[in-house]
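Working notes, beginning with the structure itself.
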Amino acid sequence: MEKTEAVGRLKKAGYQVQFDSSIVSVLLPAGVNTNQEIRKLRQFLRGIGYEASFGVRQIKESSIQEEEDSTEALEPQVEVGEQFSLEDFGIS
């Protein structure tokens with residue numbers, strides 16, 4: 001399975017995904033159990049036949065200051081996470 005197809009399937013499954021520099025990165029909300037979510041992602045990706053590497057990043061909670069004159073939404077800050085491949089988990 002190609003990375004672009006995996007990105008589409010992850011988005012359909014409700015994940016927030018970035019695809020930068022040929023790396024599929026899943027963005028996780030702050031406060032979730034990262035280890036548990038990585039296990040779920042591994043199972044999901046294995047189930048759809050994706051065998052390439054992927055990354056996981058956790059979105060930092062940031063205080064959003066509202067300005068009276070501004071209606072722009074601020075971009076979430078993303079903490080650099082770890083990149084994994086299925087081989088890291090003994091799956092080839």
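Note that the numbering runs from 1 along the sequence shown for the chain. What you see is a predicted model; the values in this text were computed from it and never measured.
Here the closest non-hydrogen pair linking R42 and F54 is CG-CZ, 4.1 Å. In terms of heavy-atom proximity, S25 sits nearest to R57 at OG-NE, 4.1 Å.
Atom OH of residue Y50 and atom CD of residue E5 lie 11.0 Å apart, to the nearest 0.5 angstrom. To the nearest 0.5 Å, the span separating CG on L10 from NZ on K12 amounts to 11.5 Å. Here the CG-CD1 distance, from L45 to I38, works out to 11.5 Å after rounding to the nearest 0.5 Å. For the atom pair CG of L27 and OH of Y15, the computed distance is 12.5 Å after rounding to the nearest 0.5 Å.
Applying the salt bridge (Lys or Arg N to Asp or Glu O under 4.0 Å) rule to pairs touching residues 16-29 yields nothing, sequence neighbours excluded.
Residues passing the salt bridge (Lys or Arg N to Asp or Glu O under 4.0 Å) test with K40, sequence neighbours excluded: E37.
Put simply, the side chain of K3 never gets that close to the backbone of I23: no donor and acceptor are under 3.5 Å apart. Proximity of a side-chain donor or acceptor of Q58 to a complementary backbone N or O of P29 within less than 3.5 Å is detected.
The side-chain heavy atoms of M1 and I48, taken from C-beta on, include a pair separated by under 4.5 Å.
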For this session: Please report the C-alpha distance between L41 and V56 in whole Å, then the side-chain angles of each, then the deciding distance to 0.1 Å, and finally whether the side-chain contact (heavy atoms from CB on, under 4.5 Å) criterion is met.
Result: CA-CA 9 Å; L41 279 168; V56 176; 4.0 Å; yes
